[in-house]
2 protein chains.
Amino acid sequence: MRAETGERRRDAERTRTELLDVATDEFADRGYSGARVDEIAARTRTTKRMIYYYFGGKEQLYLAVLERAYSEIRAAERTADVDHLDPTAAVRRLAEVTFDHHEAHPAFIKLVGVENAQQAKHMNHVARLVDLNSSAVDLLAGVLARGVADGLFRDDVDALDVHMMISSFCFFRVANRHTWGALFDRDLLAPDRREHYRTMLGDLVTGYLRK
Amino acid sequence: MRAETGERRRDAERTRTELLDVATDEFADRGYSGARVDEIAARTRTTKRMIYYYFGGKEQLYLAVLERAYSEIRAAERTADVDHLDPTAAVRRLAEVTFDHHEAHPAFIKLVGVENAQQAKHMNHVARLVDLNSSAVDLLAGVLARGVADGLFRDDVDALDVHMMISSFCFFRVANRHTWGALFDRDLLAPDRREHYRTMLGDLVTGYLRK
DNA sequence: TTTCTAATGTACGAACTGGTACGTTAGTTA
DNA sequence: TAACTAACGTACCAGTTCGTACATTAGAAA
């Protein structure tokens, strides 16, 4: 595999990263038990031995994949700059960021599914993840408070509930596109329907919040 | 395993059903590749040999599980009697039926996840399933038409989109409760929050449809 | 240049796992 | 009651898969 150039350079960081990249796809596509360490190794320029050298084993590799995937997400979530928008536009904006993010990271979505299939037992071992995700909700909570203060929004809604509402729509569209396509013959990710769903989500959320 | 009573009766139907029951849980809990035929057999009163005798193999057993799970669903979906309700109440009713259904059938939800993880490649082999699921959408379409005719609902909404909106909320709540609990320390299935979410879904959908 | 160690490669083993060959028995039918 | 077959059980095999023992090498340090 490695041989194309003939050269053999040593680069611990590159080897580690390459293993993580390939493992992310493999775990996302085949699930934890479906993923094969031999297969992961074969798709890199290094060997299976390095998985054990750098990570310790299949499970720790999966853990590393999970942690990196969630960490990368955090950065993206923070790009939303909504302070200058009025509350309604700001909520719509936040929903769109989540929408775009889900669409752009199918592997991450699959990993969430894999992790839920295992009752999130691995995620509990990555304590660091817990506070990462709160930031998105805090941002939303701020906007909601502004909307309530302005007399635009209902005052009995919880930010985490709204976040769930948004997440569920975005998650479903990506995660369940295959069964949906098979059952109803409609591709939820078809490019020409993208704007439609994005707008729909915004309407949905702002409609729910409106007094 | 079987030995408690000492007796050994022959009953093809019972053996088949028992295998399907156990296999449903095993596939739902561990995914297709994670499920073990030996484990399935061990949890029944019969032996692994019978899986091959009645179904042919692991894959065909999974197919049988999938088909039965979807078939059982259809019956439940039909219990909604909404013709006597005004459009808004009827939509709320349909959403609640889906909500209740998802909550009552976690194994089914998991199977949907398992199937999506495999790009629904097995489901495509069960052509019979396709028309099963349409009935729920047809029911919804009728109600929406009534609402539009009465001047209550927007006239630019598609029934399948509304169905997706409802499904995504219900699906997410059940399917992703583990990661959600781990990240936000909130149990989406806590009994004392059940009414809250059920109402929230109704508000969400009717709010979106309202003119 | 020599030494030393992190990084890498190879070969192999033990346990697991889906599947099967073959024998046995319950219950029906003639 | 003898014959027959659907239903069932046991033992085993062959391929797979995670993991490891051991050998080797690139490149830094002395």
Side-chain angles (χ1 to χ4, degrees), chain A residues 1-66 114 118 121-122, chain B residues 1-27 29-66 114 118 121-122 125:
Chain A
M1 263 287 121
R2 177 187 66 262
E4 277 108 29
T5 70
E7 74 194 308
R8 172 183 168 195
R9 291 261 184 278
R10 302 197 155 194
D11 188 336
E13 199 44 49
R14 196 205 55 185
T15 301
R16 241 188 87 96
T17 303
E18 199 178 345
L19 281 170
L20 273 178
D21 291 343
V22 175
T24 297
D25 286 342
E26 176 81 0
F27 281 121
D29 285 343
R30 304 181 190 263
Y32 179 74
S33 56
R36 301 282 170 252
V37 281
D38 282 306
E39 177 63 21
I40 292 170
R43 277 158 52 185
T44 66
R45 275 169 297 183
T46 183
T47 63
K48 180 171 61 160
R49 179 69 183 77
M50 293 299 98
I51 290 175
Y52 294 89
Y53 184 70
Y54 286 112
F55 299 97
K58 182 181 184 178
E59 186 162 8
Q60 292 98 313
L61 175 61
Y62 173 75
L63 237 46
V65 163
L66 204 63
V114 169
Q118 314 176 65
K121 75 171 162 176
H122 289 104
Chain B
M1 261 288 118
R2 177 188 66 261
E4 279 106 30
T5 70
E7 73 192 311
R8 172 183 167 195
R9 291 261 182 277
R10 301 195 158 196
D11 187 336
E13 199 44 48
R14 196 204 55 185
T15 300
R16 241 189 89 97
T17 304
E18 199 177 346
L19 281 170
L20 273 179
D21 290 342
V22 174
T24 297
D25 287 342
E26 177 80 1
F27 281 120
D29 286 342
R30 305 182 190 264
Y32 179 73
S33 56
R36 299 284 168 251
V37 280
D38 281 306
E39 178 63 21
I40 292 170
R43 276 159 52 187
T44 66
R45 276 170 295 186
T46 184
T47 64
K48 179 169 60 158
R49 180 68 184 78
M50 292 301 98
I51 290 175
Y52 294 88
Y53 184 70
Y54 285 112
F55 299 96
K58 183 182 183 179
E59 186 162 7
Q60 292 98 313
L61 175 60
Y62 173 77
L63 239 46
V65 163
L66 203 64
V114 169
Q118 313 175 66
K121 75 171 161 176
H122 289 103
H125 295 173

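Here is how names work: the chains are called A, B, and so on, in the same order as the sequence lines, proteins then strands, and each is numbered from 1.
- Nearest nucleotide to the A/Tyr52 side chain, out of C/dG19, D/dT20, D/dT17: D/dT20.
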Under 3.5 Å, which protein N or O atoms sit close to an N or O of nucleotides 14-16 of chain C? Give each pair with its distance.
none

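- The shortest side-chain heavy-atom distance between A/Met50 and A/Leu19 falls under the 4.5 Å cut-off.
- Rounded to whole angstrom, the span from the CZ atom of A/Arg14 across to the P atom of D/dG27 amounts to 11 Å.
- For the pair B/Tyr32 OH and C/dT17 P, the computed distance is 14 Å after rounding to whole Å.
- Taking atom CD of residue B/Glu59 and atom C1' of nucleotide C/dT17, one finds them 16 Å apart after rounding to whole Å.
- The shortest distance between the side-chain N/O atoms of A/Thr46 and the OP1/OP2 oxygens of C/dG9 is below 4.0 Å.
- A 4.5 Å side-chain heavy-atom check between A/Thr15 and A/Tyr53 finds every atom pair outside the cut-off.
- The phosphate of C/dG9 has OP1 or OP2 within less than 4.0 Å of a side-chain N or O from A/Thr47.
- Across C/dA7, C/dT20, D/dC8, the shortest atom-to-atom separation from the side chain of A/Tyr54 is found for C/dA7.
- The nearest whole Å value for the distance from the CD1 atom in A/Ile51 to the P atom in C/dT10 is 15 Å.
- Residue order along DNA chain D, read from the 5' end via each residue's closest nucleotide, puts B/Thr15 first among A/Gly56 and B/Thr15.
- Taking every side-chain heavy atom of B/Met50 into account, D/dG9 is the closest of C/dT20, D/dG9, C/dT17.
- For B/Lys48, the listed nucleotide lying nearest its side chain is C/dG19; candidates were C/dT8, D/dT20, C/dG19.
- Side-chain atoms of B/Leu20 and B/Phe55, non-hydrogen and from C-beta on, do get closer than 4.5 Å to each other.
- Contact annotation: A/Tyr53 reaches the phosphate of C/dA7 (side-chain N/O to OP1 or OP2, under 4.0 Å).
- At least one side-chain heavy atom of A/Arg45 sits less than 4.5 Å from a side-chain heavy atom of A/Arg14.
- With rounding to the nearest 0.5 angstrom, the CZ atom of B/Phe27 is 10.0 Å from the CG atom of B/Leu66.
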Tabulated below should be each protein N or O lying under 3.5 Å from an N or O of nucleotides 13-15 of chain D; please produce it.
none

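- As rounded to whole Å, 14 Å separates atom C1' of D/dG9 from atom CG of B/Asp38.
- Relative to the side chain of A/Arg49, the nucleotides C/dT20, D/dG19, D/dC22 differ in distance, and D/dC22 lies closest.
- For the residue pair A/Arg30 and B/Ser33, the shortest heavy atom distance occurs at O-OG, 4.3 Å.
- Between B/Tyr32 and B/His122, the ring planes lie tilted relative to each other; the angle falls in the 30° to 60° range.
- Rounding to whole angstrom units, CD1 of residue A/Ile40 and P of D/dT17 are separated by 12 Å.
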